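Working notes, structure below.
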Amino acid sequence: MYKIHNFTDNDDIKVLDQKGAFTVLEFQRDLSVTSETAITAYYSAQMNVKKRQLLCDLSKSSVTTQAGAMQWMVGNANATTGVKSVGDFFTKTIRGSVTGESAIKPEYKGTGELVLEPTYKYLVLLDAEEWEGNVVLEDGLFLACESTLKHKAVMRSNVSSAMLGGEGLFNLSLQGKGVFCIESYCPQEELIIVELEDDVLKIDGNMAIAWSGSLNFTVERSGKSLIGSAASGEGLVNVYRGTGKVLMCPVIK
């Protein structure tokens with residue numbers, strides 16, 4: 001039996017969102033300051049530069065996280081590698097090497113609570129069912145998910161264009177039912193959702209942070225010809241074609 005005091009009930013901590021096993025917490029002010037850092041801390045709070053943490057309730061679901069994300073856990077909470085066999089280990093190692101994610105993602109089980117490391121990035125909770133049970137993530141944005149979701153590496157349709165565009169050839173795909181959390185450089189209030197129905201979205205840069213697995217993702221010239229692309233000044237663009245939706249940031253940082 002355990003009780004946690006002065007955490008979620010602290011008046012300096014605000015609950016931003018809650019889905020499934022996850023709760024996003026935000027520290028409204030940085031109180032651990034000195035006279036030298038007080039001014040920076042004050043203006044950071046005014047401009048929404050705040051620390052955020054992900055709280056995971058393991059009694060609602062087992063949770064898989066990015067390696068090294070755990071800060072502390074309490075109660076009946078146990079970590080495993082999530083590796084089921086030698087073959088599974090090699091599969092996860094290969095997937096991690098091509099997606100840029102950690103090869104082995106720890107899985108936490110039990111009935112206790114898990115708290116991840118604080119971050120200044122924005123934490124966005126999404127439900128895979130709202131993405132038809134198949135969502136693809138931009139490299140390096142995955143933080144945690146309910147362990148009911150399966151992890152797969154998906155390859156782009158045109159390998160040569162992806163290499164020329166400086167993008168990776170593979171992305172992490174989450175498939176099944178469950179809630180997941182990604183890190184974003186923009187708050188959820190600013191994220192743009194584009195729904196496509198047998199249509200095309202072209203983006204100059206890696207502004208898309210998640211998209212439906214049903215979409216055909218390629219890297220193509222912005223114009224129909226090399227001369228046209230050179231004249232437009234855009235060069236290569238990321239293209240999402242088909243039926244599904246794309247979640248994108250308004251700016252790239």
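In this text, all values refer to a predicted model and were calculated from it rather than measured experimentally. Computation of the quantities below employed the complete heavy-atom set of this structure, encompassing side-chain atoms and omitting hydrogens, waters and symmetry-equivalent molecules.
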Checklist entry - Quick one: CG on Leu236 to NZ on Lys202, what's the gap to the nearest 0.5 Å? => result 11.5 Å
Checklist entry - Are Leu16 and Ile13 in one and the same hydrophobic cluster, where Ile, Leu, Val, Met, Phe, Trp and Tyr link if side-chain heavy atoms are under 4.5 Å apart? => result no
Checklist entry - How long is the gap from OG1 on Thr243 to CG on Asn216, to the nearest 0.5 Å? => result 11.5 Å
Checklist entry - How many angstroms lie between atom CG of Leu25 and atom CZ of Phe7, to the nearest 0.5 angstrom? => result 5.0 Å
Next on the checklist: To check you understand the geometry: which heavy-atom pair defines the closest contact between Leu143 and Leu123, and what is its length?
Outcome noted: CD2-CD2, 3.7 Å
Next on the checklist: Can you confirm whether Pro118 sits close enough to Gln71 that some side-chain heavy atom of one is under 4.5 Å from a side-chain heavy atom of the other?
Outcome noted: yes
Next on the checklist: One pair to check against side chain to side chain contact (heavy atoms under 4.5 Å, CB included): Val15 and Thr23. What are the steps and the verdict?
Outcome noted: CA-CA 7 Å; Val15 175; Thr23 301; 3.7 Å; yes
Checklist entry - Do any pairs count as a side-chain hydrogen bond (donor to acceptor under 3.5 Å, both in side chains) and have a residue in residues 37-50, sequence neighbours left out, and if so which ones? => result Gln28-Lys50, Thr34-Thr37, Asn48-Tyr122
Checklist entry - Side chains of Ile192 and Pro250: closer than 4.5 Å at any heavy-atom pair? => result yes
Item to check | Minimum-distance pair of heavy atoms, taken over all atoms of Leu58 and Tyr108 | outcome: CD2-O, 3.7 Å
Checklist entry - Looking at Glu26 and Arg52, what are the two nearest heavy atoms and their distance? => result OE2-NE, 3.0 Å
Next on the checklist: Pair Val24, Leu54 - check side chain to side chain contact (heavy atoms under 4.5 Å, CB included), show working.
Outcome noted: CA-CA 5 Å; Val24 177; Leu54 189 65; 3.9 Å; yes
Checklist outcome for this item: Nearest heavy-atom contact between Ala128 and Leu149 is CB-CD2, 3.6 Å
Next on the checklist: Is it the case that over 12 heavy atoms from other parts of the model lie below 6.0 angstrom from the CD atom of Gln18?
Outcome noted: yes
Checklist entry - For the atom pair NZ (Lys109) and OG (Ser59), what is the distance rounded to the nearest 0.5 Å? => result 15.5 Å
Checklist entry - For Ile39, does the CD1 atom sit with more than 12 other heavy atoms under 6.0 Å from it, leaving out its own atoms? => result no
Checklist entry - Looking at Trp72 and Ile4, what are the two nearest heavy atoms and their distance? => result CH2-CD1, 4.0 Å
Item to check | Under the side-chain contact (heavy atoms from CB on, under 4.5 Å) test, residues paired with Ser147 that sit two or more places apart | outcome: Ser62, Thr64, Glu107
Checklist entry - Got a sec, which residues hit side-chain contact (heavy atoms from CB on, under 4.5 Å) with Glu130, two or more places apart in sequence or on another chain? => result Asp127, Lys245
Item to check | His151 and Phe142 aromatic ring geometry - parallel, tilted or perpendicular at 30°/60° bounds | outcome: perpendicular
Checklist entry - Would Ile182 and Leu191 show up in the same hydrophobic cluster when neighbours are defined by side-chain heavy atoms closer than 4.5 Å? => result yes
Checklist entry - Can you get from Trp211 to Met207 by hopping between Ile, Leu, Val, Met, Phe, Trp and Tyr side chains that sit under 4.5 Å apart? => result yes
Checklist entry - How many angstroms lie between atom CZ of Phe217 and atom CG of Leu201, to the nearest 0.5 angstrom? => result 10.0 Å
Next on the checklist: What verdict does the side chain to side chain contact (heavy atoms under 4.5 Å, CB included) test give for Thr65 and Met70, after you've listed the backbone C-alpha separation in whole Å, the side-chain angles of each residue and the deciding distance to 0.1 Å?
Outcome noted: CA-CA 8 Å; Thr65 72; Met70 188 273 286; 5.7 Å; no
Checklist entry - Would you say Tyr240 and Asn238 make side-chain contact, with heavy atoms under 4.5 Å? => result yes
Checklist entry - Val135, Ile193: one ILVMFWY side-chain cluster at the under-4.5 Å cut-off? => result yes
Checklist entry - How would you list, by chain and number, every residue that makes a side-chain hydrogen bond (donor to acceptor under 3.5 Å, both in side chains) with Thr119, sequence neighbours excluded? => result none
Checklist entry - Any sub-3.5 Å donor-acceptor pair from Glu146's side-chain atoms to Val179's backbone N or O? => result yes
Item to check | Which residues share a salt bridge (charged side-chain N to carboxylate O under 4.0 Å, His left out) with Lys51, sequence neighbours left out | outcome: none
Item to check | Minimum heavy-atom distance between Asn134 and Gln175, given as atom pair plus value | outcome: OD1-CG, 3.6 Å
Checklist outcome for this item: side-chain hydrogen bond (donor to acceptor under 3.5 Å, both in side chains) pairs touching residues 6-17, sequence neighbours excluded, are Asn6-Asn10, Asp12-Arg29, Asp17-Lys19
Checklist entry - How long is the gap from CG on Leu126 to CZ on Phe22, to the nearest 0.5 Å? => result 11.0 Å
Checklist entry - Do Asn171 and Asp139 pass the side chain to side chain contact (heavy atoms under 4.5 Å, CB included) test, and can you show the C-alpha distance, the side-chain angles, and the key distance before you say yes or no? => result CA-CA 6 Å; Asn171 290 91; Asp139 294 344; 3.2 Å; yes
Next on the checklist: Can a donor-acceptor pair be found, under 3.5 Å and without considering hydrogens, that links the side chain of Gln53 to the backbone of Leu116?
Outcome noted: yes
Next on the checklist: Do Val115 and Tyr2 land in one hydrophobic cluster if side-chain heavy atoms of ILVMFWY residues count as linked below 4.5 Å?
Outcome noted: yes
